[in-house]
Amino acid sequence: MDDGRKTSGDGGNAVPETPADFIREIILEHNRSGRFGGRVHTRFPPEPNGYLHIGHAKSICLNFGIARDFSGKCNLRFDDTNPSREETEYVDSIINDVRWLGFDWEDRLFYASDYFENLYRFAEQLVMSGKAYVCDLTAEQVKEYRGTLTEPGRNSPWRDRTAEENLDLFRRMRAGEFPDGSRTLRAKIDMASPNLNMRDPVIYRILRASHHRTGDKWCIYPMYDFAHPISDSLEGITHSICTLEFEDHRPLYDWFLEELGIHHSQQIEFARLNLTHTVMSKRKFLELVNDGLVRGWDDPRMPTLAGMRRRGYPPAAIRAFAERVGVAKRDSVVDIALLEHCVREDLNRTAPRAMAVLRPVRLVIENYPPGMTEEFDFVVNPEDPSAGTRRIPFSGVLYIERDDFMESPPPKFFRLSPGREVRLRYAYLVTCTDVVKDPATGEVVEIRCIYDPATRGGDAPDGRRVKATLHWVSALHCVPAEVRLYEHLFSVPFPGSTEGRSWKEDINPSSLEVLSGCMVERHLASSEPGAAWQFERLGYFCADSADSRPGAPVFNRTVTLRDEWAKIARSAPKDGGN
RNA sequence: UGGGGCGUCGUCAAACUGGUAAGACGCAGGACUUUGGAUCCUGUUUUGGAGGUUCGAGUCCUCCCGCCCCAGCCA
């Protein structure tokens, strides 16, 4: 019994490689019944009028993933039937994004505009068989004649022209004899249909606009409802997967293919992805960018693939996320924490560790021999022994995180405070002896410690334990860096859901915090843009692809590490400390 | 008050022809720990509502309630 699906074949009970969602279920059924001869061919059909976002990623992973699971194929096809809103800039970015996500369409890159001539001929065919007519109603009138949700529409007065007249008119439409908007070609279906899409939908409009691929060759352009099923048919698509709002269009999709008598793929609809703490529409992205609320389409806070790439999200993490959210027909909003979990899961396995101090404060080891430096072994990635170790320089003057010291620590604060001993990661145990403050502001400017030379490497020979291990950087061996800390773009899970508040008012005022004067290990100064690092105890970071320079590194925080202390501090607010 | 969809844990999401509610994230505890990281344990749900059929219903029937989509010469 081969249903065409790859399995992890472990002998007797073949287990499907991927969890079955309802779409794969349908495909399995088609394979059993032989509807498409066991063939599986999908497509990802973006309109090149915007940048791809995480919602598209779900669709990309679904379409290419199904092709992979069923040993089929998946095409990349630009749905470019509307010349007035599409640009090559977008096709380039989309191609780049899909490739970055990790998918390959081989030689199957198509454009709906590749089929304009074919599409036109199919339209003529419909005209000749009396299934389409040229209508002279204005846009306004078409709307009036359409009726409403509860009332049927009325037939266009031009509905009963002869096939000959329609053919003549349609050819003249193509020839450019009529002004924009003056006529349309409409499918002749049923003006009383309860499904508005079936009320003689427009299938060609007159539109003098230069197309990004066909230039000025055409002055009439097909509508989505007409172009899409035929494009699918021409490419031999077996499963045309789209989002829920097209469910009402399926009867029309089927009608064209039926009337034309050509290969009939199965349209299947699924629920688009929604994420908490963000927005997901082209319109809102545009507003964010135009209003200067973010720094561009690739702002690391944006849920665009370009933004997530710049932020440091690994494509594999996005793929894992797409798989975990599943596929169903129910409208849903996925917690952004799941996406972040997938990012951490991936980066924990792959990112080399490094030391970086974001809010530095000097720590001086009083009994460390003046002028001495030494080196310690640093484990590159504890999750990946093959990554080995490297040497990290140490001296008597260091920087540690300001947050890692408290003069009067609250109960569960285990880090440094006067009299307390902690470990400097991979180096020594140190005990705080004194603290130097700015007399004017009272701010701690220097922490004084003594170290125990016997604890070289971080372990005490007498077996005594410390409750905290701090990261540090040697003042002599570090370089300053700018670090950009990102939080959710919106401070509420559902932007715009509060009565009397616009979605833009829900923007998180601290979604971006820029830190300068951070101190990082010297080798990070030449970090390759986009390459992931884990700054120990802080999170995952990568050099910014746009602004980082070899001598002046700029890092983006991709995502924080999970932080128990932050939770404790949050739930037991303000009692000691400073 | 037309049509098309959808309602299972806080959030996603499984459950073959009805057979006695997976898993993941989150959250809460705990173990371990030279990252308060990672890892590992434990806990957290009875299916929108009301009836009905049945030995047995998330799965079947009836009625009700709620949410989403559709009146672009956009996709």
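Just so it is clear: chains get the letters A, B, ... in the order the sequence lines come, proteins before strands, and each one is counted from 1. In what follows, every heavy atom counts, from backbone to side chain, and hydrogens, waters and symmetry copies are set aside. All of these numbers come straight from a predicted model, not from anything done at the bench.
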A.B. asks: In whole Å, what separates the P atom of B:A13 from that of B:A31?
C.D. replies: 36 Å
A.B. asks: Across the strands shown, which category fits A:Val379 at heavy-atom distances under 4.0 angstrom: base, sugar-phosphate, nothing?
C.D. replies: nothing
A.B. asks: Please give me the minimum heavy-atom distance between A:Leu347 and A:Arg353, naming the atom from each residue.
C.D. replies: O-NH2, 3.8 Å
A.B. asks: At 4.0 Å (heavy atoms only), tell me whether A:Ala337 reaches a base, stays on the sugar-phosphate, or touches nothing.
C.D. replies: sugar-phosphate
A.B. asks: For A:Pro45 and for A:Glu564, locate the closest nucleotide of RNA chain B by heavy-atom distance; then report the residue assigned to the nucleotide nearer the 5' terminus.
C.D. replies: A:Glu564
A.B. asks: Report the relative orientation of the aromatic rings in A:Tyr120 and A:Phe170; use parallel for angles under 30°, tilted for 30 to 60°, perpendicular for over 60°.
C.D. replies: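 Parallel: the ring planes of A:Tyr120 and A:Phe170 meet at under 30°.
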A.B. asks: With syn defined as a glycosidic angle within 90° of 0 and anti as everything else, classify B:G72.
C.D. replies: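 Nucleotide B:G72 adopts syn.
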A.B. asks: Return the value, rounded to whole Å, for the distance between atom CG of A:Asp200 and atom P of B:C70.
C.D. replies: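 The distance from CG of A:Asp200 to P of B:C70 comes to 21 Å, rounded to the nearest Å.
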A.B. asks: Taking B:G29 as the reference, what is the distance to B:C16 when you measure between their C1' atoms (whole Å, please)?
C.D. replies: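 B:C16 and B:G29 have their C1' atoms separated by 38 Å.
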A.B. asks: Can you tell me, in whole Å, how much space there is between the P of B:U8 and that of B:G48?
C.D. replies: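 Rounded to whole Å, the distance is 6 Å.
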A.B. asks: Just checking A:Asp459: base, sugar-phosphate only, or nothing, at a heavy-atom cut-off of under 4.0 Å?
C.D. replies: base
A.B. asks: Should the side chain of A:Glu383 and the base of B:G37 be counted as holding a donor-acceptor pair, with the cut-off at 3.5 Å?
C.D. replies: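 Side chain to base: pair found, below 3.5 Å.
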A.B. asks: Sticking with atom C1', work out how far B:U54 lies from B:C60, rounded to a whole angstrom.
C.D. replies: 10 Å
A.B. asks: Does B:U17 pair with anything, Watson-Crick or G-U wobble, both distances under 3.5 Å, and if so, with which nucleotide?
C.D. replies: none
A.B. asks: Across all strands, who's sitting opposite B:C67 as a Watson-Crick or G-U wobble pair, both distances under 3.5 Å?
C.D. replies: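 Paired with B:G5.
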A.B. asks: Select base, sugar-phosphate, or nothing to describe what A:Arg353 touches, counting heavy atoms under 4.0 Å on all strands.
C.D. replies: base
A.B. asks: Taking atom C1' of B:C73 as reference, at what distance in whole Å does atom NZ of A:Lys143 sit?
C.D. replies: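 It works out to 13 Å between those atoms.
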A.B. asks: Quick one: are the ring centres of A:Phe376 and A:Tyr426 less than 6.0 Å apart?
C.D. replies: no
A.B. asks: Between the side chains of A:Glu287 and A:Lys282, is the shortest nitrogen-to-carboxylate-oxygen separation below 4.0 Å, so that they form an ion pair?
C.D. replies: no
A.B. asks: Round to the nearest Å and state the distance from A:Phe22 atom CZ to B:G7 atom C1'.
C.D. replies: 15 Å
A.B. asks: Examine B:C25: is either OP1 or OP2 under 4.0 Å from a nitrogen or oxygen in the side chain of A:His341? Give yes or no.
C.D. replies: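 Yes, such a contact exists.
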A.B. asks: How would you label the contact of A:Glu536 with the nucleic acid (heavy atoms, under 4.0 Å): base, sugar-phosphate, or nothing?
C.D. replies: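 Here A:Glu536 touches the bases of the nucleic acid.
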A.B. asks: Contact class for A:Tyr204 vs. all strands (heavy atom < 4.0 Å): base, sugar-phosphate, or nothing?
C.D. replies: nothing
A.B. asks: For a quick check of understanding: with a heavy-atom distance under 4.0 Å over all strands, which category does A:Thr184 fall into, base, sugar-phosphate or nothing?
C.D. replies: base
A.B. asks: With heavy atoms under 4.0 Å as the rule, sort A:Val466 into base, sugar-phosphate or nothing.
C.D. replies: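 The residue A:Val466 makes no contact with any strand.
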A.B. asks: Using a 4.0 Å heavy-atom cut-off across all strands, classify A:Arg146 as base, sugar-phosphate, or nothing.
C.D. replies: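 If one applies the 4.0 Å heavy-atom cut-off, A:Arg146 turns out to touch the sugar-phosphate alone, with no base involved.
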A.B. asks: Would you indicate what A:Ser332 reaches in the nucleic acid, counting non-hydrogen atoms under 4.0 angstrom: base, sugar-phosphate, or nothing?
C.D. replies: sugar-phosphate
A.B. asks: Does OP1 or OP2 of B:C69 have a side-chain N or O of A:Arg272 closer than 4.0 Å?
C.D. replies: no
A.B. asks: Between B:U62 and B:U53, how many Å separate the two P atoms, rounded to a whole number?
C.D. replies: 15 Å
A.B. asks: Taking the P atom of each, how far is B:C74 from B:U11, in whole Å?
C.D. replies: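 Taking atom P in both B:C74 and B:U11, they lie 39 Å apart.
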A.B. asks: How are the rings of A:Trp503 and A:Phe490 set to each other: parallel, tilted or perpendicular (split at 30° and 60°)?
C.D. replies: tilted
A.B. asks: Which is true for A:Thr138 with a 4.0 Å heavy-atom rule: it touches a base, it touches only sugar-phosphate, or it touches nothing?
C.D. replies: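 Base, at least one base heavy atom under 4.0 Å.
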A.B. asks: Just do the side-chain contact (heavy atoms from CB on, under 4.5 Å) check on A:Phe246 and A:Tyr224 with the steps written out, would you?
C.D. replies: CA-CA 11 Å; A:Phe246 292 101; A:Tyr224 165 86; 3.5 Å; yes
A.B. asks: Classify the nucleic acid contact of A:Arg85 as base, sugar-phosphate or nothing, counting any heavy atom under 4.0 Å across all strands shown.
C.D. replies: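 Answer is base: heavy atoms of A:Arg85 come under 4.0 Å of a base.
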A.B. asks: Expressed as a whole number of angstroms, how long is the span from A:Gln534:CD to B:G36:C1'?
C.D. replies: 13 Å
A.B. asks: If we take the C1' atom in both B:U47 and B:G66, what is their distance in whole Å?
C.D. replies: 16 Å
A.B. asks: Using the C1' atom as the reference point in each nucleotide, state the distance between B:G23 and B:A14 in Å, no decimals.
C.D. replies: 7 Å
A.B. asks: Quickly work out the A:Leu339 CG to B:C12 P distance and round it to whole Å.
C.D. replies: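 Atom-to-atom, A:Leu339 to B:C12, this comes out as 15 Å.
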A.B. asks: Can the positive tip of A:Arg186 be found less than 6.0 Å from the middle of the six-membered ring of A:Tyr133, inside 45° of the ring normal?
C.D. replies: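 A:Arg186 over A:Tyr133 ring: no.
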A.B. asks: Looking only at side-chain atoms of A:Leu338, point me to the closest of B:C73, B:G3, B:C25.
C.D. replies: B:C25
A.B. asks: Touch check for A:Arg324, heavy atoms < 4.0 angstrom, all strands: base, sugar-phosphate only, or nothing?
C.D. replies: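 Result for A:Arg324 = sugar-phosphate.
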A.B. asks: Out of B:C74, B:A24, B:G3, which has the shortest distance to the side chain of A:Asp248?
C.D. replies: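 Side chain of A:Asp248 sits closest to B:G3.
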A.B. asks: Just the rounded figure in Å: distance from P of B:A71 to CG of A:Leu149.
C.D. replies: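 It works out to 8 Å between those atoms.
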A.B. asks: Touch check for A:Asn82, heavy atoms < 4.0 angstrom, all strands: base, sugar-phosphate only, or nothing?
C.D. replies: sugar-phosphate
A.B. asks: Just to verify, which of A:Glu269, A:Glu235, A:Gln266, A:His228 counts as forming a side-chain contact (heavy atoms from CB on, under 4.5 Å) with A:Ser240?
C.D. replies: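 The single option meeting the side-chain contact (heavy atoms from CB on, under 4.5 Å) with A:Ser240 is A:His228.
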